[in-house]
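Got a structure for you, questions after.
What you see is a predicted model, and the numbers here were worked out from it, not measured in a lab.
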Amino acid sequence: MDGGASLGYTPLPMAGLNQAQAEAVAHDEGPLLVLAGAGSGKTRVITHRIARLVNERAVPPDRILAVSFTNKAAEEMAERMAPLIGKERAGKLWLSTFHSFGVRFLGEESRALFGDAGEGRARFVIFDQSDALGLVREIVRREGIGDRKVDLFSVLARISLWKNKLIGPDQAPVNDVEYDVLARTVYPHYEASLRSMRAFDFDDLVLAPVRLLQDRPDLRQKWQQRFRYLLIDEFQDTNKVQLELVRLLANERRSVCVVGDDDQSIYGWRGAEVENILDFDKFFPGARLVKLEENYRSRRPILEIANAAIGRSSQRRLGKTLRATKVGGEPVQVCLVGDIEQEARFVARQIRKLRIDHQIGYGKVAVLYRSNLQARAIEEELRVEGVPYQLFGGTQFFDRKQVKDAVAYLRVVVNPRDELALRRILNYPTRGIGDTTITRAERWALAKGVPFSDAAIALDRIPDVPDAARRGSMMLGAALAEGRERFGRGTQLSASALSLFERVGLVAELKESADKDQRQRWLDVEYVLRALDRYEKTEASERPSLSTFLQRITMRFSEEEGDTGDKVTLCTLHGAKGLEWPVVFLIGLNEGTLPHARTTDPKVTEAAPTDVEEERRLFYVGVTRAQERLYLCRFQRKEMRGKLHPTAPSRFLEGLPSEHIASIEHDDTAPLDHDETFHYADALLAQLRKK
C-alpha cells in the first residue's frame, strides 16, 4: 500500500544513501540478501528500510521483526528508529536478539508449552551457564558417570553445539571420542531435568520455539501472520536452529531481508554456519542480492590489504571488493620484531609516540590479538610506559585472582600490617584457618588492643583455636619472616619471591597440581616473577626494591584520565567484531598464533581446511577495524621447552600489495645463550633447591 503522505506519514527521502544502499532500502516484497562489507553502513540500511516500510508503505510497526545478535545492537537500532518514525511507533517494533525474541515467544505460548493458562508471567525459569554447569555436575554425580574429574564445560559445550544443530538426545553422534560419549550419556538426563523444573537453558530460548512451530501448524500460522517483514542482521553468524526459526516465521510473502558478510563469519567454533548466508538463495529461492562495497571507515591502504588477504581465500565466497570513500592514507606498517617481549615493547612505545608526535589519544588505539594470553606482555609494557589501558571482555592481568594472590604475599612481606592482603592469603592455600578461627582472632585482637595481623600470625596464643589452625599460622608466619629476611639482604627479587611462593604452598597448589587449569594459572604467577626480574635489571634511577615494584604494578591512573575514558583498548579479534578505532595494532601474526595451531596441526583431529579459512576471516576482521592507521606485527623467535626457535610469518601476510606497505624492523636484543633459555621458574627453583 502506497500513498503514505495521505495517512499522515512523512515519506523518507533517499538523500544520503549511496546507490546500493538506496536499492536495498527500496526493495519491496520477497527475499533480499544485503551483502554488507565492513564499514559499509549496514545499520543505516536496516533502519532506513524499516522507516520506509512504516512511513511510505504504511506497514504497522508491530508487523515488523528485526533481529540482531547483541542487546547493544538492538538498543542502538531502537535509538536510531525513534527520529525516523517517531518514538511511539518505534516502541511498537519487534527489535530484539534471537534469544530475547524466544523469551517473549515462550512467555506468550505458555499454554502450548505446559498445558496451562500461564496467566501473567510465564511459568518457566531460564538457566544461565552457571546454572547449566551445576545441573551437569549434579547429573554426573547422581548417575555415576565417570570415575574421575570430568571437565563439565566440555560436556555442556557439546550439548550446546548439538542443540544449535537441531540434534536431540536420541540423535547425538555415536563415536568413541571421550567427551562425545560423556555428553551423549548426560544429554537425555539433562533435558529431562530441565523439563521437570520448567527450565530452559540459553540454547533452548531459540530451540524451544523452533520445536513448537514445527510441531504445531496452528501456532506456525499464527506467528507467520503476525509478521509481514523480517530483517535479520549479522546473518553470517546464524546457526542451524536460528536459520530454521527464520524459515518457520516467514509467510508466503517470504519478505525476509538478511544483512551480513560471509567474509566476517568467525564463529564456526560455537555453531555458526557460513553456509546460511552463502546458500541463502537455496533457502529462499528467487532472493535478490545487493552488495554494499563502499567503505566509510578505513583509508585506502587498509582496504587494499583487507581485499588482498580475503581474496586469497580458498573457500567459496559471494565475492565483493571494498572501495574507500576516504582519500589518502598512510601505508600499512608491517613490523618485524625479535620476540614476544620486544613486540610488546614496540607497541607500547609506538603508542606513546603517536600520543606525543601526532596527538592521538589513547582511547583511539586498540591492540588486537588471537588469544587472551597475548595480552600479558602488552599489559606489562603499557604499565612500564605509563599508558592507561582497558581489557575489553577480559580481566586485567594484575586483577586476575592468581596474580592478586601472589602479589598479596609480597605486600604482606613489605607491610606486615596490610590487613586486606593478609586476609586474602591467610587460608590460601588451605592451612586450616577457617571463618570461626578468624572470628576468634578478630575478637582477641580487639580485646588486647593489637592489630589483627598480630593475632592472625600468632594463633597459638588464642584459646579454643584448633591445632591445625595453630600449625598453619606458625608455618605462614615463619615463611613470611624468612621472606622479609631474604628480600632485606638484597637477594635477587624474583628468586626471593619464588622461594616465598614455594614455602607458603603456592607452587604446590598451582604449578605442581594435577589440575590443568591450576597449572595454567601458574603461568600468570610466573609472569609476576619475570616482571620482578625485568624491573630489577632495568631499574637505573634507584636501588631496586620490592616496595617500589609493588607501587608500580598497583599504580592506578589519575581520576581525570579515568573519567575521560582515554585508555588503549586490548581486545581479542573475536571481541573486536563490530568495533572500530582510528589506530589498530594487530599482533602475533605468526604461524601457530594466527592461524591458530589447532587449525593447522595435522596431529589435531579437529583441524580442517575450513578452520584455516575462518582464521583468515578473523585476520580480515582485524584489519577492517582500523580507520586511519594499521600496524601488522610479528616476531622472529619464540621460547619453547627451554630453547629459542625461529617462527614463520603468518600465511595471511603473503600476497599483500607492496605499494601499500611500509616495513619496520625492531630487534634490540641479541639471541639468548642456550643456557639462558630454560623455563624461567624451573631454573630458579632448581637453583634454590641446590642451596
- Take atom CZ in R300; do more than 12 heavy atoms of anything else shown fall under 6.0 Å from it?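 Counting neighbours around CZ of R300, 12 or fewer heavy atoms of other residues, nucleotides or ligands fall under 6.0 Å, so no.
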- Message: Just to verify, which of F69, F235, F202 counts as forming a ring-ring contact (aromatic ring centres under 6.0 Å, His included) with F98?
- Response: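 Only match with F98 under ring-ring contact (aromatic ring centres under 6.0 Å, His included): F69.
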- Message: Closer than 3.5 angstrom, by distance alone: can the side chain of R63 be matched with the main-chain N or O of R226 as a donor-acceptor pair?
- Response: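 Yes; at least one donor-acceptor contact below 3.5 Å.
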- Query: Taking all non-hydrogen atoms of both residues, which atom of T569 and which atom of Q390 are closest, and how far apart?
  - Reply: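 Here T569 and Q390 meet closest at OG1-NE2, 3.4 Å.
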- Residue pair L243 / K240, side-chain heavy-atom distance below 4.5 Å: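 Sidechains of K240 and L243: no contact.
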- Item | Closest non-hydrogen atom pair between G363 and W581, with its separation |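 Answer, listing the atom of G363 first, then W581: O-CD1, 4.1 Å.
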- Message: Between R651 and E591, does any NZ, NE, NH1 or NH2 come within less than 4.0 Å of an OD or OE carboxylate oxygen?
- Response: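 Result for this pair is yes, salt bridge flagged.
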- Query: Are D28 and R57 ion-paired here, with the side-chain N under 4.0 Å from a carboxylate O?
  - Reply: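 Yes.
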- Item | salt_bridge(E234, K577) N-O dist < 4.0 Å |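 Salt bridge present between E234 and K577.
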- Task: Enter the distance from I85:CD1 to K92:NZ here, rounded to the nearest 0.5 Å.
- Result: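 Answer rounded to 0.5 Å: 10.0 Å.
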- Task: For V54 and R89, work out which heavy atoms get closest and say how close.
- Result: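 Looking at all heavy atoms of both residues, the closest pair is CG1-CD, 3.8 Å.
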- Task: Establish, from distance only, whether the side-chain atoms of Q315 and R617 form a donor-acceptor pair under 3.5 Å.
- Result: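 Distance-only check passes for Q315 and R617.
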- Are the side chain of R220 and the backbone N or O of L213 linked by a donor-acceptor pair below 3.5 Å?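 Indeed, once roles are kept as given, a pair shorter than 3.5 Å links the two residues.
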- Taking R625 for its side chain and V621 for its backbone only, find out whether a donor-acceptor pair lies under 3.5 Å.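 Between the backbone of V621 and the side chain of R625 there is a qualifying donor-acceptor contact (under 3.5 Å).
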- Could you give the distance from CD (E109) to CG (L212), rounded to the nearest 0.5 Å?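 Answer for the CD-CG pair, E109 versus L212, is 6.5 Å.
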- pair L589-F619: side-chain heavy atoms closer than 4.5 Å: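 When only atoms from C-beta onward are counted, F619 and L589 do touch, with a gap below 4.5 Å.
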- Message: Does any part of the side chain of L570, heavy atoms only, come nearer than 4.5 Å to the side chain of Y369, both counted from C-beta?
- Response: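 Yes; the side chains approach each other to less than 4.5 Å.
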- Query: How long is the gap from CG on L205 to OG on S100, to the nearest 0.5 Å?
  - Reply: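 Between atom CG of L205 and atom OG of S100 there are 9.5 Å.
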- Got a donor-acceptor contact below 3.5 angstrom from the T325 side chain to the N295 backbone?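 Here the side-chain-to-backbone pair exists.
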- Query: Do the side chains of Q19 and E294 get nearer than 4.5 Å, heavy atoms only?
  - Reply: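 No, side chains not in contact.
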- Message: Is it the case that the side chain of E628 and the backbone of G329 share a donor-acceptor pair, with hydrogens and angles ignored and the cut-off at 3.5 Å?
- Response: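 Judged by distance alone, no pair lies under 3.5 Å.
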- Within a radius of less than 6.0 Å around NZ of K165, do more than 12 heavy atoms belonging to other residues, nucleotides or ligands occur?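 Incorrect, the count does not exceed 12.
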- Query: Which atom pair, heavy atoms only, marks the closest approach of I277 to G260?
  - Reply: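 Shortest heavy-atom separation between I277 and G260 comes out as CD1-C, 3.6 Å.
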- Keeping the roles fixed (side chain from N239, backbone from G271), state whether a donor-acceptor pair exists under 3.5 Å.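 No, N239 side chain to G271 backbone: no donor-acceptor pair under 3.5 Å.
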- What's the verdict on side chain to side chain contact (heavy atoms under 4.5 Å, CB included) for W162 and Q171, showing C-alpha distance, side-chain angles and the deciding distance? CA-CA 9 Å; W162 290 338; Q171 302 164 316; over 6 Å; no
- Task: Check N18 against Y296 and note the closest heavy-atom contact, atom names and distance.
- Result: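 Minimum heavy-atom separation between N18 and Y296: ND2-OH, 2.8 Å.
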- Query: Can you check whether V258 reaches F284 side chain to side chain, under 4.5 Å on heavy atoms?
  - Reply: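 Side-chain contact under 4.5 Å: no.
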- Query: Given R616 and R312, is the side chain to side chain contact (heavy atoms under 4.5 Å, CB included) satisfied, shown in steps?
  - Reply: CA-CA 9 Å; R616 182 181 294 278; R312 295 174 68 88; 3.7 Å; yes
- Query: OH/Y620 to CG/L573 distance, rounded to the nearest 0.5 angstrom?
  - Reply: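 Taking OH in Y620 and CG in L573, the distance rounds to 14.5 Å.
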- Query: Going by heavy atoms in the side chains, are I661 and I305 under 4.5 Å from each other?
  - Reply: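 Counting from C-beta outward, I661 and I305 do come under 4.5 Å.
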- Query: Just checking, is any N or O donor in the side chain of E293 or T321 under 3.5 Å from an acceptor N or O on the other one?
  - Reply: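 Judged by distance alone, the side chains do not pair up.
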- Task: Can you label the angle between the F105 ring and the W223 ring as parallel, tilted or perpendicular, going by 30° and 60°?
- Result: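 Taking W223 first and then F105, their aromatic rings sit tilted (interplane angle of 30° to 60°).
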- Taking 4.0 angstrom as the limit, do K163 and D201 come out as a salt bridge?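 Here K163 pairs with D201 in a salt bridge, since their nearest N and O are under 4.0 Å apart.
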- Query: Do NZ/NE/NH1/NH2 and the carboxylate oxygens of R316 and D262 come within less than 4.0 Å?
  - Reply: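 The answer is no: the pair does not qualify as a salt bridge.
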- Item | Trace of the side chain to side chain contact (heavy atoms under 4.5 Å, CB included) decision for F652 with L586 | CA-CA 12 Å; F652 306 144; L586 182 45; over 6 Å; no
- Any side-chain heavy atom of L93 within less than 4.5 Å of one from P61?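 The answer is yes; the side chains approach within 4.5 Å.
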- Task: Please say whether more than 12 non-hydrogen atoms of neighbouring residues, nucleotides or ligands are located less than 6.0 Å from CD in E88.
- Result: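 Incorrect, the count does not exceed 12.
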- Query: Is any side-chain heavy atom of D281 closer than 4.5 Å to a side-chain heavy atom of L33?
  - Reply: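 They are not in side-chain contact.
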- Does the S96 side chain pair with the main chain of V67, one donor and one acceptor, at a distance under 3.5 Å?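 Pair absent, no side-chain N/O of S96 close to backbone of V67.
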- Item | Salt-bridge present (K282, E275; N to O < 4.0 Å) |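 Here K282 does not pair with E275 in a salt bridge, since their nearest N and O are not under 4.0 Å apart.
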- Item | Side-chain (D233) to main-chain (S68) donor-acceptor, under 3.5 angstrom |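 Not confirmed, D233 side chain does not pair with S68 backbone.
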- Item | Test: R253 and E29 ion pair at under 4.0 Å |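 A salt bridge is present here (some side-chain N lies under 4.0 Å from a carboxylate O).
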- Query: Quick one: is the NZ or CZ of R598 closer than 6.0 Å to the six-membered ring centre of W269, and within 45° of its axis?
  - Reply: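 No - R598 does not lie over the ring of W269 by the 6.0 Å and 45° rule.
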- Out of T624, L630, L632, which one pairs with V584 under the side chain to side chain contact (heavy atoms under 4.5 Å, CB included) rule?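 Exactly one option meets the side chain to side chain contact (heavy atoms under 4.5 Å, CB included) with V584, and it is L630.
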- Message: One thing to verify: whether R80 and E76 come together as a salt bridge, which I'm taking to mean a side-chain N less than 4.0 angstrom from a carboxylate O.
- Response: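 Between R80 and E76 there is a salt bridge, with a charged N closer than 4.0 Å to a carboxylate O.
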- Query: In Å, rounded to the nearest 0.5 Å, how long is the span from CD1 of I351 to CZ of F585?
  - Reply: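 Rounded to the nearest 0.5 Å, the CD1-CZ separation comes out at 5.0 Å.
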- Query: Counting only heavy atoms not in F153, do more than 12 fall under 6.0 Å of its CZ?
  - Reply: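 Open.
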- Can you check whether V34's main-chain N or O pairs, donor with acceptor, with K42's side chain at less than 3.5 Å?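 No: the side chain of K42 does not pair with the backbone of V34.
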- Evaluate whether atom NZ of K320 has more than 12 neighbouring non-hydrogen atoms of other residues, nucleotides or ligands under 6.0 angstrom away.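 Yes.
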- Task: Would you sort out whether Q214 and E244 count as a side chain to side chain contact (heavy atoms under 4.5 Å, CB included), showing the intermediate values?
- Result: CA-CA 9 Å; Q214 287 175 331; E244 187 61 19; 3.8 Å; yes
- Message: Which heavy atom of G102 sits nearest to which heavy atom of P209, and what is that distance?
- Response: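 Between these two residues, the closest heavy atoms are CA-CG, 4.1 Å.
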- Before accepting this row, confirm whether a basic side-chain N of the pair R629/E330 lies closer than 4.0 Å to the acidic partner's carboxylate O.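 Yes, this pair counts.
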- Find the distance between NE2 (H27) and CG (L53) and round it off to the nearest 0.5 Å.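 Answer for the NE2-CG pair, H27 versus L53, is 10.0 Å.
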- Is a donor on one side and an acceptor on the other found under 3.5 Å between the side chain of D203 and the backbone of N164?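 Side chain of D203 to backbone of N164: no pair is present.
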- For the residue pair Y267 and H574, categorise the inter-ring angle as parallel (less than 30°), tilted (30 to 60°) or perpendicular (more than 60°).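 Ring orientation of Y267 relative to H574: tilted.
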